[in-house]
K.L.:
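Here it is, the structure, as structure tokens.
Counting convention: from 1, in listed order, for ligands and their atoms alike.
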Amino acid sequence: MTPFDIASINKRFSEAEHSYGKPIFYLEETSSTNDEAAILARAGASHGTVVIADHQRKARGRGGKPWYSEPNTNLAFSLVLRPRVPITHLPAITLVMGLAVAEAVETFVDVPAGIKWPNDVLLRGRKVSGILVESSLSQDRCEYVIAGMGINVLQRSFPSAIEARATSIVLETHRTVTREEVLWQVIMRLALRLESFESGALPELMAEVAKRDEVRGRKVQVGDVQGVADGIDQSGELRVILTGRVQTVRAGEVTFVD
Ligand code: BTN
């Protein structure tokens with residue numbers, strides 16, 4: 001697999017109307033693009049700055065779990081965001097990002113893209129992308145948000161531990177696909193969806209997320225809560241029906257138990 005073509009993508013982003021990918025930093029190798037982006041954010045990097053790497057030595061997912069991705073094959077990048085939204089809307093940002101990734105991925109594949117609360121994008125029930133949002137909050141102010149995305153693009157096989165649960169864009173399409181084109185589409189969709197998020201369209205965005213919700217109606221286990229998933233509320237929390245009552249869950253990993 002060839003290294004990421006940063007020159008062509010740089011040119012495209014510099015001509016785009018939105019403020020994302022300006023600048024975009026490319027690293028052949030790093031520990032984690034989320035860590036690189038956080039360093040840049042603390043040094044004052046602007047909203048929309050992107051860090052992308054061809055290989056991460058210590059990529060992580062939610063809960064500190066390792067994120068596995070074949071070097072030079074997939075997309076691994078992080079955005080510095082300084083979203084102008086009420087702090088109470090921030091927890092929903094992972095789902096807004098997931099919506100944008102699902103919409104972008106869907107333009108390349110032959111199957112619909114679903115969202116598995118809180119941070120996975122699925123094709124035929126298998127994970128094609130994971131999103132790791134890490135925020136720096138000070139009192140009631142958000143200093144910055146780092147939104148890290150791993151998207152499986154050209155990988156054709158996966159380690160046995162995850163092969164039944166993982167997929168990639170190339171495995172779900174008959175079209176030719178490049179990592180540069182996928183990045184372009186994802187950033188375009190993110191720009192649109194984040195603009196709506198900032199202009200107060202959270203109810204409309206959550207309605208779009210609901211159409212792609214792969215968890216609703218399924219029997220789930222999240223931490224020590226077990227019940228039937230009943231959708232996602234406006235603040236991004238998962239509603240779970242237990243015997244006779246509804247409980248909302250703010251964070252956690254969903255396991256299907258049916
Ligand atoms: C998950 O599925 O739990 C989220 C996975 C997020 C992986 C991406 S790859 C780019 C960025 N850098 C990291 O270390 N993690 C995210």
K.L.:
Is it true that the side chains of E172 and T167 contain a donor and an acceptor less than 3.5 Å apart?
P.N.:
yes
K.L.:
Should you measure from each heavy atom of G61, which atoms of ligand 1 turn up under 4.0 Å away?
P.N.:
1 (C), 3 (O), 4 (C), 5 (C)
K.L.:
Could you tell me if any non-hydrogen atom of K65 lies under 4.0 Å from any atom of ligand 1?
P.N.:
no
K.L.:
For atom 9 (S) of ligand 1, which candidate among Q56, K127, R62 provides the closest heavy atom?
P.N.:
Q56
K.L.:
Using a strict cut-off of 4.0 Å, indicate which atoms of ligand 1 neighbour a heavy atom of A59.
P.N.:
14 (O)
K.L.:
With a cut-off of 4.0 Å, which atoms of ligand 1 are near a heavy atom of T33?
P.N.:
10 (C), 11 (C), 12 (N)
K.L.:
Please report whether ligand 1 has a polar contact with K58, defined as an N or O pair separated by less than 3.5 Å (distance criterion only).
P.N.:
no
K.L.:
Relative to F158, does K127 satisfy both conditions: NZ or CZ under 6.0 angstrom from the six-membered ring centre, and within 45 degrees of the ring's axis?
P.N.:
no
K.L.:
Using a 4.0 Å heavy-atom cut-off, which part of S69 comes near ligand 1: side chain, backbone, both, or neither?
P.N.:
neither
K.L.:
One thing to verify: whether E143 and R82 come together as a salt bridge, which I'm taking to mean a side-chain N less than 4.0 angstrom from a carboxylate O.
P.N.:
no
K.L.:
Does Q226 CD have over 12 foreign heavy atoms under 6.0 Å away?
P.N.:
yes
K.L.:
Strictly by modelled atom types, are H174 and D110 linked by a side-chain donor-acceptor pair under 3.5 Å?
P.N.:
yes
K.L.:
Out of T94, L132, N119, who gets a non-hydrogen atom closest to atom 1 (C) of ligand 1?
P.N.:
N119
K.L.:
At a non-hydrogen distance cut-off of under 4.0 Å, which region of D35 contacts ligand 1 (side chain, backbone, both, or neither)?
P.N.:
neither
K.L.:
Do any N/O atoms on W67 end up under 3.5 angstrom from N/O atoms on ligand 1?
P.N.:
no
K.L.:
If we ignore angles and hydrogens, is there a donor and acceptor under 3.5 Å between the side chains of Y144 and H47?
P.N.:
no
K.L.:
Number the atoms of ligand 1 from 1 as they appear, then name those within less than 4.0 Å of a heavy atom of S78, with their elements.
P.N.:
11 (C)
K.L.:
Let me know which of E106, E103, E195 forms a salt bridge (charged side-chain N to carboxylate O under 4.0 Å, His left out) with R189.
P.N.:
E103
K.L.:
Would the distance check show the side chain of T173 and the main-chain N or O of V170 forming a donor-acceptor pair, the cut-off being under 3.5 Å?
P.N.:
no
K.L.:
Using a 4.0 Å cut-off to any heavy atom of F77, which atoms of ligand 1 qualify?
P.N.:
10 (C)
